[in-house]
Amino acid sequence: MNVKRTLVAPVLAVVTAALTFGGVLTATADSAPAPAAGRSAMTQISRSEVLARARSWVERAVPYSNTGHTDGYRQDCSGFVAMVWGLGDNPSTRMLPGRATPVDKAGLRPGDILLWVNPDPTEFGHVRVFGGWTDPARTGYWVYEQTPVQAVYREYTWADTTADYVPYRGNTVVDDTPTTSTPSDPPTGVPAPPSGPAPEVTPPTRTSVPPSAAPVPDGAELVQPQRIEQPVAGARS
């Protein structure tokens with residue numbers, strides 16, 4: 001009996017270890033790729049870095065996909081926000097409020113987001129990265145966003161979007177130091193891309209998007225081709 005027990009214990013240990021290891025491999029294969037660039041989950045990130053990361057996908061014309069990944073992040077709207085905020089995972093639009101704090105229009109700053117959560121819990125919503133105001137009266141603003149067919153820079157009017165899109169500030173997004181300007185310093189025209197700690201005063205050069213770039217239904221973030229600022233039933237992210 002002692003011999004049998006001596007042999008059984010190591011065998012069980014080996015089998016248990018093999019099953020555990022196999023489970024880890026399976027879980028890893030089924031989960032989203034870890035973020036690249038060595039950024040760990042939920043670390044502080046400056047507003048200028050948020051916009052620089054967002055602009056990098058626009059300049060690279062990263063294509064939209066709710067299954068593909070670039071730099072370890074899903075290539076849809078919420079994956080785009082996860083990338084610019086340097087999160088450690090790929091949350092959905094419905095999960096983003098848990099990573100952020102609501103702000104009002106007066107407190108909206110570059111690097112914050114404008115989030116539409118679909119009232120239908122079985123469907124996806126949409127989210128945009130706020131870049132700055134386009135006029136002194138703050139009637140218009142510009143954003144970076146990931147929509148079909150690729151990451152883009154766009155402008156919207158506040159009146160057309162305020163009923164649906166709620167401003168949020170990422171819990172890890174911090175102001176640049178020192179702050180050399182305030183949101184009351186609106187841009188004039190569309191000068192060069194942001195390059196310093198005052199991104200709100202320097203919106204980027206318009207990104208040329210091919211004619212086929214008008215958002216199209218693809219089973220993901222569905223938006224109106226002519227009025228993409230208005231969410232519609234079936235919008236996903």
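Positions are given from 1 along the sequence.
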Any side-chain donor near an acceptor of the partner, Glu145 and Tyr64, under 3.5 Å: no
Basic-acidic side-chain contact under 4.0 Å: Asp112, Arg128: no
Steps toward side chain to side chain contact (heavy atoms under 4.5 Å, CB included) verdict (Arg47, Arg169): CA-CA 10 Å; Arg47 295 183 182 280; Arg169 174 159 303 148; 2.9 Å; yes
Joint cluster assignment, Val174 & Val81, ILVMFWY side-chain distance < 4.5 Å: no
Pair Asp175 + Arg109: basic N to acidic O under 4.0 Å: yes
Side-chain donor-acceptor pair present, Asn171, Thr101, cut-off under 3.5 Å: yes
Inter-residue atom distance Thr161.OG1 - Tyr156.OH, 0.5 Å rounding: 9.0 Å
From CG (Leu114) to CG (Asp164), nearest 0.5 Å: 11.0 Å
Considering all heavy atoms, the nearest Arg94-Asn118 contact: NH2-O, 2.8 Å
is_close_aromatic(Trp133, Trp158), centroid dist under 6.0 Å: yes
Spacing of Ser48 atom OG and Arg55 atom CZ [to the nearest 0.5 Å]: 9.5 Å
Salt bridge flag under 4.0 Å for residues Arg74 and Asp89: no
Residue pair Trp85 / Val50, side-chain heavy-atom distance below 4.5 Å: yes
Side-chain donor-acceptor pair present, Arg99, Thr172, cut-off under 3.5 Å: no
Over all atoms of both residues, closest heavy-atom pair of Ala54 and Tyr144: CB-CD1, 3.5 Å
Minimum heavy-atom distance Val62-Gln146, with the two atoms named: O-NE2, 3.3 Å
Interatomic distance, Asp76 atom CG to Asn90 atom CG [nearest 0.5 angstrom]: 7.5 Å
Working for side chain to side chain contact (heavy atoms under 4.5 Å, CB included), residues Ile113 and Phe80: CA-CA 11 Å; Ile113 61 171; Phe80 182 65; over 6 Å; no
Residues Thr147, Arg154; criterion side chain to side chain contact (heavy atoms under 4.5 Å, CB included); working and verdict: CA-CA 11 Å; Thr147 61; Arg154 286 198 178 106; 3.1 Å; yes
Residue pair Tyr168 / Val103: nearest heavy atoms and the distance that separates them: N-CG2, 4.1 Å
Shortest non-hydrogen contact from Ile45 toward Gly86: CD1-N, 4.3 Å
Parallel, tilted or perpendicular: rings of Phe130 and Tyr141 (30°, 60°): tilted
Donor-acceptor pair between Thr70 and Gln75 side chains, under 3.5 angstrom: yes
Gap between atom CE of Met83 and atom CG of Asp71 - 0.5 Å precision: 7.0 Å
Expected output: side-chain Lys105 to main-chain Pro167 donor-acceptor under 3.5 Å: no
Between OG on residue Ser78 and CG on residue Leu115, distance to nearest 0.5 Å: 9.5 Å
